[in-house]
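Start at 1 with the first residue, then count along the sequence.
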Amino acid sequence: TNKGGVYIAEEVVPTQEQLEKEQMTPEDFGEKAAKLLLEQILRGGCVDGQHQALTLLFMALGPEQLSRVCMGQLTEYAENMRRLLELHFGVTFG
């Protein structure tokens, strides 16, 4: 972004056998990855849904200082992680 933010979405490249089985072309795979990235941008966050919980964990276990991250709507897994971190570590997320 023009403010130094980086948007990332990941998709694992399937094997050639998986591509053939699902009748998926490399272009289809690229389109799927692009849609994942756009979905994350539309949610308003800089952390994709697959990494939200891990990001919260790193923030909770890091040095005792203010940490900031921009996340869109939390996934169910990330919401559960947030609750567990608040319960066990006493950290709060605003």
Side-chain angles (χ1 to χ4, degrees):
T1 67
N2 59 1
K3 293 187 178 187
V6 178
Y7 291 102
I8 298 172
E10 293 182 334
E11 182 65 27
V12 177
V13 177
T15 64
Q16 187 63 36
E17 294 87 25
Q18 290 172 320
L19 284 173
E20 291 170 1
K21 181 181 176 184
E22 297 178 24
Q23 298 180 344
M24 188 180 220
T25 65
E27 290 80 11
D28 294 335
F29 176 76
E31 185 176 322
K32 183 178 178 185
K35 285 180 180 178
L36 286 172
L37 178 60
L38 290 174
E39 181 182 317
Q40 297 306 318
I41 293 171
L42 288 173
R43 287 184 175 184
C46 293
V47 179
D48 74 347
Q50 297 174 346
H51 296 96
Q52 288 177 343
L54 186 61
T55 302
L56 292 174
L57 178 63
F58 286 158
M59 290 174 66
L61 297 178
E64 290 187 20
Q65 61 186 29
L66 180 65
S67 297
R68 292 180 149 209
V69 66
C70 179
M71 290 191 198
Q73 181 179 357
L74 292 180
T75 62
E76 182 180 347
Y77 186 74
E79 185 61 37
N80 289 334
M81 174 65 84
R82 184 192 64 78
R83 286 188 196 117
L84 287 171
L85 292 171
E86 288 179 357
L87 178 68
H88 294 287
F89 291 99
V91 297
T92 57
F93 298 95

With sequence neighbours left out, what residues match [X] under side-chain hydrogen bond (donor to acceptor under 3.5 Å, both in side chains)?
| X | answer |
| --- | --- |
| E31 | K35 |
| R83 | N80 |
| Q50 | none |
| E17 | T15 |

So, for M59 and R68, which heavy atoms are closest and what is the spacing to 0.1 Å?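 Answer, listing the atom of M59 first, then R68: CE-N, 4.2 Å.
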Give a yes or no on whether the backbone of M71 and the side-chain of Q52 come within a donor-acceptor separation of less than 3.5 Å. no
Does L61 share a hydrophobic cluster with V69, counting links as ILVMFWY side-chain heavy atoms below 4.5 Å and allowing steps through other members? yes
Please output the side-chain donor-acceptor pairs of residues 84-94 that fall under 3.5 Å, not counting sequence neighbours, one pair per line with the distance.
from	atom 1	to	atom 2	distance (Å)
E86	OE1	R82	NH1	3.0
E86	OE2	R82	NH1	2.7

By side chain to side chain contact (heavy atoms under 4.5 Å, CB included), L38 pairs with (sequence neighbours left out) none
Would one find more than 12 heavy atoms of other residues, nucleotides or ligands at under 6.0 Å from atom CD of Q73?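 Not buried by this count: 12 neighbours or fewer within 6.0 Å.
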